[in-house]
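So that the names make sense, note that chain A is the first sequence line, chain B the second, and so on, each numbered from 1.
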Amino acid sequence: MTLASESLPSIGAVLLRPFYRRSPVEVARDLLGKVLVHGKTSGTIVETEAYLGEGDLAAHAARGITGRTRVLFGPPGHAYVYFIYGMYECLNLVAEPEGKAGCVLIRALEPVAGVDLMRRRRPTARKAEDLANGPGKLTLAMAITRNQNGADVTRGSLTVHEPVVRQPVEIAVTRRIGITQSADLPLRFLIRGNRYVSRGTAQLT
DNA sequence: GGTAGGATGGGCT
DNA sequence: GCCCATCCTACCC
């Protein structure tokens, strides 16, 4: 080991609340290339979707404040984790100022740290590309559950960071996946050419 | 390479 | 009672 590698930071600065206090579209775009950290696992965010408040019928927040959607109307920079299809959980990060709904769904990660742990949590994944290339897969790989719903992601065990080495990425924009309402809006963002994007999109290079 | 169908349970009308 | 911001398996090119 060299002195240089020892002094290299393992992770960049944590993203603070003003980063999230913006429109979901801006936050979704800017989250690409950032690093999600939970416990011993981390991964680079390579695919996101923006969900708006009023007018976006695909968004949970479209039907107003309920027990489930309350966190979406709360302060930005918190996790919104919901249970879907009786089996899976999806991670969102709350955007917009407090009182206005909006969030970003994290759809795919390129694993960085704790890959062995992720493999144990995702025994059906045959390749590294399959560990976290979907919203339900990445929560399994990183052990993110509804226990993290409402958690402050600017501090604590679940956080998002600047990458150690910031590299320019080309961003592709498409319609969102797996929805029927408001399906034509260009609200999905992904790193063009990245092999860890969700199923059926890797060819979009 | 591709896709049809089933698993499975909470949220909301 | 219906609807899901999904994933996996089986099966078919």
Side-chain angles (χ1 to χ4, degrees), chain A residues 20 23-29 31-32 36 43 45-74 76 78-96 101-111 118-151 153 158 160 172-190 195-205:
Chain A
Y20 299 100
S23 76
V25 168
E26 291 176 279
V27 176
R29 287 188 71 100
L31 277 172
L32 295 178
L36 180 70
I45 297 170
V46 299
E47 181 179 334
T48 59
E49 281 178 354
Y51 285 85
L52 315 180
E54 303 171 0
D56 182 2
L57 296 180
H60 293 172
R63 280 164 291 282
I65 300 181
T66 67
R68 183 174 65 156
T69 63
R70 181 170 35 87
V71 59
L72 288 173
F73 293 84
H78 288 252
Y80 169 57
V81 185
Y82 68 89
F83 188 56
I84 187 69
Y85 293 113
M87 267 179 285
Y88 301 103
E89 281 152 308
C90 294
L91 169 67
N92 298 252
L93 303 177
V94 176
E96 300 281 21
C103 66
V104 175
L105 171 68
I106 309 301
R107 279 197 60 89
L109 300 175
E110 177 174 341
M118 294 188 194
R119 286 191 183 281
R120 288 199 289 277
R121 291 167 175 165
R122 293 259 313 125
T124 59
R126 324 207 51 182
K127 306 173 296 185
E129 287 90 334
D130 297 328
L131 286 173
N133 61 342
K137 298 177 188 178
L138 71 91
T139 54
L140 284 169
M142 296 194 68
I144 294 166
T145 71
R146 282 165 286 176
N147 291 335
Q148 277 76 49
N149 188 43
V153 298
L158 178 63
V160 187
V173 185
T174 76
R175 52 205 289 181
R176 293 172 294 183
I177 301 292
I179 59 170
T180 53
Q181 307 208 74
S182 300
D184 291 335
L185 303 177
L187 294 177
R188 183 169 72 133
F189 305 90
L190 53 104
R195 305 199 322 282
Y196 296 83
V197 296
S198 68
R199 188 175 170 78
T201 25
Q203 81 282 0
L204 205 143
T205 57

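Residues A58(A) and S182(A) share a closest heavy-atom pair of N-OG, 4.0 Å.
When the P atom of dT6(C) is taken as reference, atom CG of N92(A) falls 11 Å away, rounded to whole Å. What separates CZ of F83(A) from P of dC12(B) is a distance of 14 Å, to the nearest Å. Atoms CE (M87(A)) and P (dG9(B)) sit 8 Å apart, rounded to a whole Å.
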DNA chain B in dot-bracket form (Watson-Crick or G-U pairs under 3.5 Å, [ ] crossing, | inter-strand) is |||||||.||||.
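At the heavy-atom level, R122(A) lies under 4.0 Å from the strands shown only through sugar-phosphate atoms.
For the contact set between residues 130-144 of chain A and DNA chain C, defined by any heavy atom under 4.0 Å, the members are G134(A), P135(A), G136(A), K137(A). For DNA chain B, the neighbouring residues in residues 64-71 of chain A, judged by any heavy atom under 4.0 Å, are T66(A), R68(A).
Picking from dT6(C), dC8(C), dT13(B) the nucleotide with the shortest atom distance to the side chain of Y88(A) gives dT6(C).
An OP1 or OP2 oxygen of dT6(C) is reached within less than 4.0 angstrom by a side-chain nitrogen or oxygen of R107(A).
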Write out a two-atom table: protein N or O, nucleotide N or O from nucleotides 2-4 of chain C, distance below 3.5 Å.
none

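Figure legend: cation-pi geometry between R68(A) and F83(A) absent, as NZ or CZ is not positioned both under 6.0 Å from the six-membered ring centre and within 45° of its axis.
Applying the salt bridge (charged side-chain N to carboxylate O under 4.0 Å, His left out) rule to E89(A) yields the partners R146(A); only residues at least two apart in sequence or on another chain are considered. With sequence neighbours excluded, no residue forms a salt bridge (charged side-chain N to carboxylate O under 4.0 Å, His left out) with R63(A).
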